[in-house]
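Computed from a predicted model, the values in this text were never measured in an experiment. Any value given below was found using the heavy atoms of this structure, including those in side chains, with hydrogens, waters and symmetry copies removed.
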Amino acid sequence: MFLRLWPTEKLLYIPIESQKLEKIVSVLRPSQSEQEEKKTKNMTLSPKSLAGPGYVILNGIRVMNVIGLMAVITASIVMLVKTSVSSKFFFFDAVTHVLTAITSMFLLCSELSLFRGYYARNWPLLSPSHGFVALALSMIVLGINMLGNLNKEATSQESLGLAFWRIVISSGCIIFVLGWANLIASYVFRDRSKNITARQVRAKGAVAVHKT
């Protein structure tokens with residue numbers, strides 16, 4: 001193989017065939033497909049890259065969960081006080097409001113990390129070993145129940161008054177939307193390959209990912 005020494009016209013002989021030289025260059029230089037793979041890996045959102053922002057986002061949702069559940073408890077008490085006794089089945093109507101308030105308190109304790117051992121032993125779906133699916137579905141059902149109560153005459157705007165009626169409808173809308181937000185977050189911020197749940201990311205952030 002001859003190489004011209006520019007700008008002169010002298011030729012330099014190199015005892016290497018051009019085909020072998022091309023092979024050596026191709027080995028040293030990464031292929032275009034490898035470069036594209038590296039770009040796609042850098043562009044994709046991995047669980048490690050989401051763990052840091054996930055810690056902030058999930059704890060923000062957690063604060064809203066606490067507010068939403070407290071709003072449902074307040075609205076349930078309002079509807080319990082305003083329960084109409086004109087019907088013979090008013091007792092069962094009152095019991096539904098009591099059960100809604102108790103369920104909201106139960107979920108509220110799990111979000112405030114109270115009685116962790118009890119939830120881990122008896123309600124593992126609300127413990128750090130699982131995500132927010134059970135919590136999200138419960139909140140969605142609570143939201144549907146709260147908004148469904150507004151269809152009754154005893155809890156209409158005329159019976160409750162505008163102020164109390166707004167408490168009921170706002171609590172129902174908030175808890176319903178938050179239920180879907182928790183459901184989406186539970187799948188977005190988990191790492192199934194490493195058995196890391198969204199609750200663990202919310203508690204420890206990127207540390208939960210790097211420990212595994």
Side-chain angles (χ1 to χ4, degrees), residues 50-51 53-83 92-152 154-157 160 163-192 196-205 208:
L50 288 174
Y55 176 79
V56 179
I57 295 171
L58 292 174
N59 278 284
I61 296 175
R62 183 183 194 175
V63 173
M64 291 188 287
N65 289 342
V66 172
I67 295 172
L69 291 170
M70 291 179 67
V72 172
I73 295 170
T74 304
S76 299
I77 295 172
V78 169
M79 289 188 290
L80 179 63
V81 173
K82 296 287 185 176
T83 299
F92 300 99
D93 188 19
V95 169
T96 57
H97 300 317
V98 173
L99 291 176
T100 301
I102 292 174
T103 303
S104 300
M105 291 177 186
F106 185 78
L107 296 176
L108 181 63
C109 290
S110 70
E111 283 297 278
L112 294 175
S113 298
L114 300 175
F115 315 110
R116 291 183 181 179
Y118 171 78
Y119 282 99
R121 290 190 305 270
N122 302 294
W123 300 88
L125 291 177
L126 297 175
S127 67
S129 60
H130 290 78
F132 303 114
V133 176
L135 174 67
L137 295 178
S138 300
M139 293 173 74
I140 291 171
V141 172
L142 286 175
I144 294 171
N145 179 52
M146 296 301 294
L147 296 174
N149 285 316
L150 297 175
N151 191 44
K152 296 183 292 187
T155 52
S156 61
Q157 183 176 344
L160 292 177
F164 292 130
W165 181 82
R166 285 178 175 173
I167 293 174
V168 177
I169 192 172
S170 60
S171 65
C173 292
I174 291 171
I175 207 70
F176 182 78
V177 173
L178 285 175
W180 287 106
N182 281 275
L183 186 63
I184 295 171
S186 182
Y187 290 101
V188 171
F189 295 105
R190 72 175 182 176
D191 188 356
R192 195 172 183 179
I196 296 174
T197 65
R199 284 184 185 270
Q200 293 171 342
V201 174
R202 186 179 70 176
K204 299 179 181 179

Checklist entry - side chain to side chain contact (heavy atoms under 4.5 Å, CB included) between Thr96 and Asp93: does it pass, once the steps are laid out? => result CA-CA 5 Å; Thr96 57; Asp93 188 19; 3.7 Å; yes
Next on the checklist: Would Arg62 and Ser113 count as a side chain to side chain donor-acceptor pair (under 3.5 Å) here? Give the steps.
Outcome noted: CA-CA 11 Å; Arg62 183 183 194 175; Ser113 298; 2.6 Å; yes
Item to check | Criterion side-chain contact (heavy atoms from CB on, under 4.5 Å) against Leu107, the qualifying member of Val66, Ile175, Leu69, Leu112 | outcome: Leu69
With a 4.5 Å cut-off on side-chain heavy atoms, are [Y] and [X] touching?
| X | Y | value |
| --- | --- | --- |
| Trp123 | Tyr118 | yes |
| Ile196 | Arg190 | no |
| Ser127 | Arg116 | no |
| Leu125 | Val133 | no |
| Ser138 | Thr103 | no |
| Lys82 | Thr155 | no |
| Leu114 | Tyr119 | no |
| Glu111 | Leu135 | yes |

Heavy atoms only: give me the nearest [X]-[Y] pair and the separation to one decimal.
| X | Y | value |
| --- | --- | --- |
| Gly54 | Phe189 | CA-CE2, 3.4 Å |
| Gly179 | Ala136 | O-CB, 3.1 Å |
| Ala185 | Ile61 | CB-CD1, 4.2 Å |

Would you compute the distance between atom [atom1] of [X] and atom [atom2] of [Y] and round it to the nearest 0.5 angstrom?
| X | Y | atom1 | atom2 | result |
| --- | --- | --- | --- | --- |
| Leu147 | Cys173 | CG | SG | 5.0 Å |
| Leu142 | Met139 | CG | CE | 8.0 Å |
| Met64 | Ile174 | CE | CD1 | 10.0 Å |
| Leu80 | Thr100 | CG | OG1 | 10.0 Å |
| Trp180 | Ile140 | CH2 | CD1 | 4.5 Å |
| Leu99 | Asn145 | CG | CG | 9.5 Å |

Counting N and O atoms only, with roles assigned by atom type, does the side chain of [X] sit under 3.5 Å from a partner on the main chain of [Y], one being a donor and the other an acceptor?
| X | Y | answer |
| --- | --- | --- |
| Asn65 | Leu178 | no |
| Arg202 | Tyr55 | no |
| Ser186 | Phe132 | yes |
| His97 | Ser76 | no |
| Thr197 | Ser129 | no |

So for atom [atom1], which belongs to [X], do other residues, nucleotides or ligands contribute more than 12 heavy atoms lying within a distance under 6.0 Å?
| X | atom1 | result |
| --- | --- | --- |
| Asn122 | CG | yes |
| Phe164 | CZ | no |
| Phe106 | CZ | yes |

Item to check | Derivation of the side chain to side chain contact (heavy atoms under 4.5 Å, CB included) call for Met146 and Ser104 | outcome: CA-CA 12 Å; Met146 296 301 294; Ser104 300; over 6 Å; no
Checklist entry - Do Arg199 and Leu126 pass the side chain to side chain contact (heavy atoms under 4.5 Å, CB included) test, and can you show the C-alpha distance, the side-chain angles, and the key distance before you say yes or no? => result CA-CA 9 Å; Arg199 284 184 185 270; Leu126 297 175; 3.9 Å; yes
